[in-house]
Amino acid sequence: MVMKTKEKLIVKGKRLDGRKPDELREIEMKVGVIPNANGSAQVMFGNTVAVAGVYGPRTVHPRHLQEYDRAIIKCRYNMAPFSVEDRARPGPSRRSSEITKVTRLALEPALFLKDYPKTAIDVYIEILQADGSTRVTGINAASLALADAGVPMKDLVVALSGGKIDDTIIVDLCGKEDNYSEADIPCALMPRRKEITLLQMDGRLKPEEVKTIIKNVLKAGEEVYEKQKDALKKRYEK
Amino acid sequence: MEETREIVIPGEILGDAKENKSSHGTYVEDGKIISKFLGISKKKGDYLSVIPLSGVYIPRREDRVIGFITSVEKVGWIVDINSPWEAFLSLSEAVDEFVDLKKVNITRYYDVGDVIYAQVVDTRRGDIQLSMNTPIARKLRNGVTINITPSKVPRLIGKEGSMINTIKEKTNTIIRVGQNGVVWISGEKIERAIKAIKMIDEKSHILGLTDEISKLLSD
C-alpha cells in the first residue's frame with residue numbers, strides 16, 4: 001500500500017484522533033465476561049477490542065507436552081474474521097503464530113508456574129475489533145484473565161505500544177498510525193519492578209529514540225496499571 | 001477478632017518482611033511481602049496471608065475431598081477430585097478384606113460414577129493418592145453435588161461449623177463438604193440449601209454473611 005500524497009499524521013501537535021503525543025486512547029476493562037472460563041477479561045483501547053479467557057491449570061493434552069516440574073502455558077492469539085475492514089482469513093497464520101509466542105513469553109515471567117507441576121494453563125485471546133496495537137491489548141486482557149482465574153502471579157502484566165510518526169515520539173498507536181508510522185515498539189512490563197517482558201520493534205529508530213519511547217511507555221504504563229487494578233477490584237464490588 | 005475484607009491484587013505490597021511473616025498466598029521479594037493472588041488479605045498475629053477469590057483446588061495431605069470415580073484400573077480406581085491432577089485410590093487403601101483378584105471383579109466395591117468421600121494421603125509431584133481407611137470415608141449415595149470455589153470452603157463451614165450447621169438445621173438436610181469445593185447434599189429442602197450455598201460462594205467477601213443466610217433460610 002503506497003500513499004500517493006503523504007498525509008500529515010500530526011497537525012499542530014495533535015494526532016489524527018485529536019490526542020496529544022503522549023495521550024492514551026479511551027481504555028475500558030471488564031473482568032469476568034465468560035462465565036464458563038476460570039477467568040476472563042475484555043479490554044478496549046479505543047476501537048481495539050480483545051477478549052481473553054483462561055482455563056486451568058488443568059491436565060495437559062497431548063500428554064507428552066507436560067513438564068514434570070512446572071505448568072506450561074498454552075496460548076492462542078486469534079483475530080476474528082470480522083475484526084478488520086476486509087475479511088481476515090480465519091485460522092492460524094504466520095503473524096498470529098508469532099504473536100502467540102511473544103504473548104506467551106510476555107506472560108510467563110509473571111507466573112508461579114512451579115506451583116502446578118504437570119499441568120497446562122490455557123490462555124485464549126480473541127481480537128474482536130482491530131485498530132492498532134492488538135497484541136498489547138491482548139496481553140492486557142490475558143493478564144487480567146489470569147488474575148481472575150486465581151493463577152498465582154508475581155505482578156500484573158501491563159502492555160502498551162510506543163512509536164514515532166512525523167519525527168514525534170508517541171504512545172498507544174491507533175490503526176492508521178500503526179500502518180504509516182516510521183517505527184513502532186510494542187512493550188509489556190511488570191509495573192512494580194519495571195521489568196520488561198516484551199519488547200519488539202518494527203521500523204528504524206535511533207538508540208536515543210528507543211530510550212525515550214521506553215521511558216514514555218513506562219510512564220504511561222502506570223495509567224494502564226491503575227485501570228487494571230480498578231477493573232479487578234470492581235469485579236467484587238457491588 | 002474482626003476480619004478485614006480488603007481486596008488485594010497480584011503484586012500488591014502487603015507489608016515489610018522484617019515486621020511480619022509471609023503465609024499462604026504471598027511471597028517475599030526485596031524484603032517486602034507481596035500478594036500472589038486476587039483475594040482477601042488477612043492478618044493473624046505476625047502472619048500475613050491472602051485468600052484467593054478464585055482458583056483451582058490444590059490437594060494437601062489429610063484433606064477430605066469428595067470425588068467421582070472415572071475409571072477402574074487393575075488394582076484401584078482413578079478419581080476426579082476437581083483439581084488439575086487425577087487422584088488414585090488403590091485397592092489396599094480402599095478395602096479392608098483380602099481380595100483375590102482372580103476371582104473378584106473390583107467393581108463390586110466401587111464402580112464408575114460412584115461418589116466417594118475420601119482422604120488425601122499423598123500429593124508428591126501431582127501424584128495424588130486417596131485413602132478410604134479413615135472413619136469419615138464412605139461412599140455417598142442418593143444425593144446431589146454442586147461445586148463451589150475451593151478457597152471459599154472455610155467460609156461455607158464457618159467458625160466451628162456455624163454456617164453449615166445453620167443450613168443443615170433450617171433445611172433439614174445432610175451436607176458433606178469436600179475441601180476440593182464439591183458439596184454433597186441429601187435430604188428434604190435440597191433446593192433451598194443449594195441456593196444458600198451458592199449465595200455464600202458469590203458473596204464470601206461480604207461481612208455479616210451468617211445473618212444474611214439465616215434470613216434467607218427463615219423466609
Side-chain angles (χ1 to χ4, degrees), chain A residues 31-32 37-41 54-60 63 66-72 110-112 114-122 143-158 189-195 225-226 228-238, chain B residues 5-14 22 24-30 32-41 49-60 70 78 80-87 123-128 147 149-152 181 199 201-207:
Chain A
V31 179
N38 291 86
S40 58
V54 169
Y55 291 80
R58 59 184 180 185
T59 43
V60 191
R63 257 293 183 35
Q66 79 179 18
E67 297 279 348
Y68 78 101
D69 64 340
R70 64 183 188 92
I72 58 164
L111 302 174
F112 286 92
K114 297 249 158 120
D115 288 7
Y116 301 92
K118 292 183 179 176
T119 59
I121 300 167
D122 289 291
S143 154
L144 287 177
L146 282 165
D148 183 36
V151 178
M153 291 171 93
K154 285 197 184 99
D155 203 352
L156 295 172
V157 181
V158 167
L189 54 120
M190 294 196 272
R192 188 166 40 78
R193 297 190 66 198
K194 299 216 175 345
E195 282 176 52
Y225 184 47
E226 292 302 318
Q228 285 202 5
K229 270 189 193 173
D230 285 349
L232 284 174
K233 290 193 174 169
K234 221 178 259 169
R235 172 142 161 69
Y236 291 99
E237 277 164 15
K238 268 165 201 168
Chain B
R5 295 238 174 275
E6 198 204 337
I7 292 173
V8 293
I9 57 158
E12 194 166 317
I13 295 169
L14 302 173
S22 150
H24 297 295
T26 61
Y27 73 103
V28 179
E29 197 179 77
D30 298 340
K32 294 272 193 297
I33 297 175
I34 297 156
S35 168
K36 268 184 178 183
F37 295 104
L38 170 66
I40 295 158
S41 72
S49 64
V50 172
I51 301 163
L53 283 163
S54 55
V56 293
Y57 167 65
I58 304 287
R60 277 179 227 288
T70 52
I78 290 183
D80 171 18
I81 56 163
N82 194 29
S83 87
W85 307 281
E86 284 171 337
T123 62
R124 252 174 293 160
R125 282 240 184 277
D127 198 12
I128 297 145
N147 285 15
T149 313
S151 60
K152 289 171 187 167
M199 186 169 155
D201 192 18
E202 275 164 29
K203 299 189 175 177
S204 64
H205 55 290
I206 291 169
L207 291 167

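All chains are named by letter (A, B, ...) in the order of the sequence lines, taking the proteins before the strands, and each is independently numbered beginning at 1.
- Using a 4.0 Å cut-off between charged side-chain N and carboxylate O, A:R193 and B:E29 make a salt bridge.
- Of the atoms belonging to A:A149, it is backbone heavy atoms, and not side-chain ones, that fall under 4.5 Å from chain B.
- Enclosure of atom NZ in A:K233 by more than 12 non-hydrogen atoms of other residues, nucleotides or ligands within 6.0 angstrom is indicated.
- Residue contact with chain A, scored on non-hydrogen atoms closer than 4.5 Å, is absent for B:S83.
- Inter-residue side-chain proximity for A:R235 and B:L53 is flagged as unmet; no heavy-atom pair is nearer than 4.5 Å.
- Classification of the A:Y116-B:W85 ring pair by plane angle, with boundaries at 30° and 60°, yields parallel.
- Proximity to chain A (any heavy atom under 4.5 Å) is restricted, for B:I58, to the side chain, taken from C-beta onward.
- Atom-to-atom distance recorded for A:Y236:OH and B:E202:CD is 10.5 Å, nearest 0.5 angstrom.
- Annotation: the span from A:D148 atom CG to B:S54 atom OG amounts to 5.5 Å, rounded to 0.5 Å.
- Residue B:E86 holds its CD atom at 10.5 Å from NZ of A:K118, rounded to the nearest 0.5 Å.
- The NZ atom of B:K32 sits 10.0 Å away from atom CZ of A:R192, with the distance rounded to the nearest 0.5 Å.
- Proximity to chain B is limited to the side chain of A:Y225, based on heavy atoms less than 4.5 angstrom apart.
- Going from atom CG of A:L146 over to atom CG of B:L38 covers 12.0 Å, rounded to the nearest 0.5 Å.
- B:I7 touches chain A through backbone and side chain together, each having a heavy atom under 4.5 Å away.
- Atom CD1 of B:I13 is separated from atom CG of A:D155 by 9.0 Å, given to the nearest 0.5 angstrom.
- Proximity to chain B is limited to the backbone of A:R58, based on heavy atoms less than 4.5 angstrom apart.
- Between A:F112 and B:K36, the shortest heavy-atom distance links the atoms CE1-CG, 3.6 Å.
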